[in-house]
Amino acid sequence: LRAVASVIKPYLGQPFVHVNKAGGGSTIAANVVAKGKPDGYTIVTLVSPGAIPEIYTHFRVSPYSSKDLRPVIRMTANPYALWVHADSPVKTVDDFVKAAKAKAGKMTFAHAGRGHIYHLLMTALQNKAGIKLRDVPTKGGGPTIKETLGKHVDAGIASVTSGKKHMQAGTLRMLAVEHTGRIPWAPDVKTFAEQGYDFNLSPWYLSVFVNAKTPDPIVNTLHDALKASLKDPKFLEVAKKRGMFIDYGTAAAVLKDVENDRKVILPLLKQLGMGPK
């Protein structure tokens with residue numbers, strides 16, 4: 001959003017001011033919009049926990065629900081991948097599954113925290129492959145990659161950008177990517193779906209929302225300005241430098257993303273004892 005804010009003025013007719021309101025899996029920021037005026041002057045960028053907080057009540061009780069928000073546009077996607085050390089004999093998801101069965105429940109993987117989308121992906125993999133793994137929670141993608149590099153775990157699940165430099169340095173291997181397609185800088189790495197493991201989990205989409213009562217003309221104005229910003233040369237330069245994956249989607253596409261997350265993520269959370277009570 002900071003990158004968009006730096007280029008949006010010519011398309012919107014006024015500047016954007018970026019305000020960081022951290023905490024609560026983005027629900028603190030989203031609540032400002034959900035309880036604010038429906039005038040389009042305050043917007044929020046969210047991933048799944050903030051967009052549909054009602055399915056994450058094991059972690060926090062949100063003062064709003066998805067019904068209080070209206071999607072405007074999908075801006076980016078953050079694909080994630082299964083990583084192993086480059087020395088590992090495991091080279092595909094099938095190899096990983098065979099190794100897990102051979103270790104009889106002792107194979108380990110690091111992730112960004114129980115209930116996180118990365119943890120849920122590996123839960124879905126265990127369900128589909130009929131394997132049992134030992135999970136090792138960390139404090140984020142960086143620590144997960146560090147654990148994998150240090151061979152403290154057999155594998156790590158983290159964003160593709162967090163392991164990119166290590167893959168290019170020849171110290172990490174990407175077994176599979178959870179995305180709608182392959183990664184441009186790693187075209188030989190197949191998606192989970194291509195390898196026979198289709199979980200229908202969305203990439204970590206970042207989308208813009210406004211108050212649910214915001215009128216159509218305002219939403220349309222914001223959409224058009226944001227869409228134009230995503231094509232701005234200065235924005236594209238920043239996106240490339242930061243490794244952002246631009247993945248434009250309409251408001252209807254965002255609603256579809258949200259409903260897919262609800263359908264796929266909720267059963268996994270319930271399986272882990274983390275679903276709504």
Side-chain angles (χ1 to χ4, degrees), residues 24-26 47-50 52 55-56 58-60 77-86 88 90 92-97 99-101 103-167 171-179 183 186 189 191-193 195 197-206 243 245 261 264-275:
S26 73
V47 291
S48 184
I52 41 175
I55 75 169
Y56 293 92
H58 172 82
F59 305 98
R60 66 194 69 82
N78 190 15
Y80 37 103
L82 182 58
W83 298 95
V84 294
H85 195 279
S88 172
V90 174
T92 65
V93 180
D94 278 342
D95 288 346
F96 183 83
V97 169
K101 289 180 177 178
K103 286 196 173 186
K106 295 181 180 179
M107 198 161 180
T108 57
F109 74 96
H111 58 87
R114 293 194 172 106
H116 191 286
I117 191 70
Y118 302 161
H119 182 216
L120 299 179
L121 172 73
M122 296 305 285
T123 301
L125 174 60
Q126 291 178 80
N127 290 344
K128 188 172 183 67
I131 57 175
K132 187 169 180 60
L133 304 168
R134 287 175 52 201
D135 72 295
V136 180
T138 71
K139 293 184 178 181
T144 292
I145 293 298
K146 188 176 180 180
E147 290 289 304
T148 310
L149 281 169
K151 301 182 182 181
H152 303 298
V153 291
D154 293 300
I157 183 81
S159 71
V160 296
T161 51
S162 64
K164 179 180 179 180
K165 66 179 181 180
H166 303 291
M167 179 180 175
T171 51
L172 278 185
R173 178 183 300 127
M174 192 193 303
L175 297 185
V177 60
E178 182 65 10
H179 193 39
I183 305 303
V189 180
T191 65
F192 275 94
Q195 297 185 57
Y197 299 88
D198 189 357
F199 309 117
N200 204 28
L201 278 165
S202 301
W204 212 225
Y205 287 129
L206 186 66
F245 290 82
D261 282 350
V264 179
I265 290 175
L266 186 55
L268 293 171
L269 287 173
K270 288 182 176 179
Q271 177 186 336
L272 294 167
M274 297 178 178

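Values below: every heavy atom of this structure, side chains too, minus hydrogens, waters and symmetry copies.
Between Ser26 and Gly50, the shortest heavy-atom contact is OG-CA, 3.2 Å. When all heavy atoms are compared, the tightest approach of Ala155 to Phe96 is CB-CE1, 3.6 Å. Heavy atoms only, all atoms of each residue included: Gly113 and Pro137 are closest at CA-CB, 4.3 Å. In plain terms, the two heavy atoms of Met174 and Ala81 that are nearest each other are CG-CB, 3.5 Å. In terms of heavy-atom proximity, Thr108 sits nearest to Val136 at CB-CG2, 4.2 Å. Closest approach of Ala112 to Gly140, counting heavy atoms only: CB-CA, 3.9 Å.
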Verdict with supporting geometry, Leu120 and Leu272, side-chain contact (heavy atoms from CB on, under 4.5 Å): CA-CA 9 Å; Leu120 299 179; Leu272 294 167; 3.6 Å; yes
Verdict with reasoning, Asp154 to Lys103, per salt bridge (charged side-chain N to carboxylate O under 4.0 Å, His left out): CA-CA 11 Å; Asp154 293 300; Lys103 286 196 173 186; 2.9 Å; yes
side-chain contact (heavy atoms from CB on, under 4.5 Å) between Tyr80 and Ile117, worked out: CA-CA 9 Å; Tyr80 37 103; Ile117 191 70; 3.3 Å; yes
Stepwise side-chain contact (heavy atoms from CB on, under 4.5 Å) check, Leu172 with Val84: CA-CA 6 Å; Leu172 278 185; Val84 294; over 6 Å; no
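Atom NE2 of His85 is separated from atom NE2 of His166 by 10.5 Å, given to the nearest 0.5 angstrom. Atom CD of Glu147 is separated from atom CZ of Phe109 by 13.0 Å, given to the nearest 0.5 angstrom. Going from atom CD of Glu178 over to atom OG of Ser159 covers 13.5 Å, rounded to the nearest 0.5 Å. From Ile55, atom CD1 reaches atom CG of Leu268 across 9.5 Å, with rounding to the nearest 0.5 Å. Rounding to the nearest 0.5 angstrom, the gap separating the OG atom in Ser48 from the CG atom in Leu206 is 12.0 Å. Taken from CG in Asp95 to CD in Gln195, the straight-line distance is 9.0 Å, to the nearest 0.5 Å.
Taking 4.5 Å as the limit, some side-chain heavy atom of Leu269 sits within range of a side-chain heavy atom of Tyr56. Between Pro79 and Ile183 there is a side-chain heavy-atom pair separated by less than 4.5 Å. Residues Leu175 and Val90 meet the side-chain proximity criterion, which asks for heavy atoms closer than 4.5 Å. Counting only heavy atoms from C-beta outward, the side chains of Val93 and Leu125 approach each other to under 4.5 Å. Contact check for Phe192 versus Leu82: side-chain heavy atoms found under the 4.5 Å cut-off. Residues Met167 and Val189 form a side-chain contact, since some pair of their non-hydrogen atoms from C-beta on lies under 4.5 Å apart. You'll find the side chain of Asn78 reaches within 4.5 Å of the side chain of Thr161, heavy atoms only.
For the residue pair Tyr205 / Asp261, no side-chain donor-acceptor distance below 3.5 Å is found, with atom types taken as modelled.
No donor-acceptor distance shorter than 3.5 angstrom exists from the side chain of Arg173 to the backbone of Trp83, with no hydrogens or angles considered. Although no hydrogens or angles enter the test, the distance criterion places a donor-acceptor pair under 3.5 Å between the side chain of Thr123 and the main chain of His119. A donor-acceptor pair under 3.5 Å is absent between the side-chain atoms of Thr191 and the main chain of Val177, judged by distance alone.
In this structure, Trp204 has its ring center no closer than 6.0 Å to that of His179.
Within the structure, the side chain to side chain donor-acceptor pair (under 3.5 Å) test picks out the following pairs touching residues 125-140 (sequence neighbours left out): His111-Asp135, Arg114-Asp135, Asn127-Gln271, Thr138-Thr144.
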